[in-house]
Colleague: 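Supplied in structure tokens, the structure appears directly below.
Count residues from 1 along the sequence.
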Amino acid sequence: MIKRSARLLLSLVMAMAFALGGAVVTAGTAHADGCYTWTRTLKSGATGNDVKQLQIRVAGYPGYNSVLAIDGSYGPATTAAVKRFQAAYGLAADGVAGPATQAKIYALQDNDCTPAHFTYAEMNRCNSTWSGGAVSAATAKANALSTMWRLEALRHALGDRPININSGFRSTSCNSAVGGASNSRHLYGDAADLGGIAFCTLAKEARNHGFNGILGPGYPDHNDHVHVNQGPSHYWSAPNCGI
């Protein structure tokens, strides 16, 4: 709680100083935590790893039936995602990731870059190494991080009601043990089986938050959870929910 309160206080201070035009506060003047700090304001036309880091954190705001490319290029889709993120948190929705927007992200992220309400431990109950899946351990962990930021956006859109991750990354052996499909996206680290909120509510809202795959009630073996993933193919099926 102390760490979270400190980040929230920093967010308020930076945002207030920016709103007042204070010259002492610019993007990157203070590290919010041990994860990442931007050193410039980002806007349309910018490129680089700092843009990619921003995209990871706003990828849950691409709009209905859309996916934001994490490519390090600040184009129209990134601008639109930033605007939706800003609007969701009561910021001026100008599509420019300046001090106030960055401060809000700092307030939402922990030292390991995960968003406030999700953890690597939740996304990987299989092993501690992220190894043994369909991709390298580093890629699986990076995919899990991107998934969690999408889930943070989904959670916020549902009134900040807790969402449970019942299953995330699986190695081949873990996947076999639970009877998972041989090509399961869980093997890539970019899938999560969700509960804690009415399944149809989850499935319907997930359509707005950057998931290519959504499976839920009415789809075989998915009546007790909602599955979301970032796979390369668009496939939604939750017939009992009208999807």
Side-chain angles (χ1 to χ4, degrees), residues 1-16 18 25 27-40 42 49-61 68 70 72 81-82 84-86 88-91 97-130 137-169 189-197 206 209-211 228 230:
M1 288 296 295
I2 294 175
K3 181 174 69 173
R4 177 72 57 209
S5 297
R7 281 203 304 278
L8 289 172
L9 178 60
L10 175 60
S11 173
L12 289 171
V13 170
M14 292 180 70
M16 289 175 62
F18 178 66
V25 178
T29 56
H31 287 258
D33 51 36
C35 173
Y36 189 83
T37 296
W38 285 273
T39 59
R40 60 171 177 160
L42 300 174
N49 180 61
D50 52 358
V51 175
K52 184 176 181 179
Q53 293 296 325
L54 173 70
Q55 290 170 329
I56 290 170
R57 291 156 176 79
V58 300
Y61 294 91
L68 179 66
I70 311 300
V82 170
R84 293 187 187 95
F85 173 87
Q86 291 167 327
Y89 286 100
L91 304 174
T101 299
Q102 293 168 12
K104 184 60 196 178
I105 294 174
Y106 295 149
L108 289 173
Q109 75 181 6
D110 286 321
N111 283 344
D112 60 0
C113 300
T114 59
H117 300 100
F118 298 96
T119 67
Y120 282 120
E122 290 177 282
M123 279 294 292
N124 183 0
R125 293 185 171 92
C126 173
N127 59 44
S128 61
T129 63
W130 297 87
T139 297
K141 191 173 184 179
N143 287 344
L145 179 65
S146 181
T147 297
M148 284 187 279
W149 278 101
R150 286 168 168 81
L151 292 177
E152 184 72 21
L154 172 60
R155 185 186 190 278
H156 187 60
L158 293 173
D160 288 313
R161 295 156 61 194
I163 294 174
N164 300 329
I165 300 177
N166 302 322
S167 182
F169 167 76
D190 65 8
D193 291 346
L194 309 176
I197 293 177
H209 298 290
F211 294 107
V228 296
Q230 297 182 60

Colleague: With rounding to the nearest 0.5 Å, note down the distance linking NZ in K104 to OG1 in T101.
Modeller: 11.0 Å
Colleague: Just how far is it from atom CG of L108 to atom NE2 of H117, taken to the nearest 0.5 Å?
Modeller: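 Those atoms lie 8.0 Å apart.
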Colleague: Run the ring pair (Phe, Tyr, Trp, His ring centres under 6.0 Å) check on W38 and Y106 step by step: do they pass?
Modeller: CA-CA 10 Å; W38 285 273; Y106 295 149; 5.7 Å; yes
Colleague: Does any non-hydrogen side-chain atom of W149 lie less than 4.5 Å from one of Q109?
Modeller: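 In short, these two side chains touch, coming nearer than 4.5 Å.
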Colleague: Between Q102 (side chain) and R40 (backbone), is there a donor-acceptor pair under 3.5 Å?
Modeller: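 Checking the backbone N and O of R40 against the side chain of Q102, a donor-acceptor pair under 3.5 Å is found.
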Colleague: On a heavy-atom basis, which atom in P115 and which in D110 lie closest, and how many Å separate them?
Modeller: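 Heavy-atom minimum between the residues: O-OD2, 4.0 Å.
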Colleague: Before you tell me yes or no, could you show the steps for Q55 and V51 under side chain to side chain contact (heavy atoms under 4.5 Å, CB included), namely the whole-Å CA-CA distance, both residues' side-chain angles and the distance that decides it to 0.1 Å?
Modeller: CA-CA 6 Å; Q55 290 170 329; V51 175; 3.9 Å; yes
Colleague: How many angstroms lie between CZ in R57 and OG in S146, if you round to the nearest 0.5 Å?
Modeller: 10.5 Å
Colleague: When you look at N164 and L194, which way does the side chain to side chain contact (heavy atoms under 4.5 Å, CB included) test go after all the steps?
Modeller: CA-CA 6 Å; N164 300 329; L194 309 176; over 6 Å; no
Colleague: Quick one, I105 and F85 - any side-chain contact, counting heavy atoms below 4.5 Å?
Modeller: yes
Colleague: Consider side chain to side chain contact (heavy atoms under 4.5 Å, CB included). Of I70, N49, L42, which one does L54 pass it with?
Modeller: L42
Colleague: Give a yes or no on whether the backbone of W130 and the side-chain of N127 come within a donor-acceptor separation of less than 3.5 Å.
Modeller: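 Checking the backbone N and O of W130 against the side chain of N127, a donor-acceptor pair under 3.5 Å is found.
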Colleague: Which atom pair, heavy atoms only, marks the closest approach of A191 to M123?
Modeller: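 That would be O-CE, 3.7 Å.
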Colleague: For the atom pair CG (L154) and CD1 (I197), what is the distance rounded to the nearest 0.5 Å?
Modeller: 7.0 Å
Colleague: Quick one: are N143 and F169 in side-chain contact, heavy atoms under 4.5 Å?
Modeller: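 Sidechains of F169 and N143: no contact.
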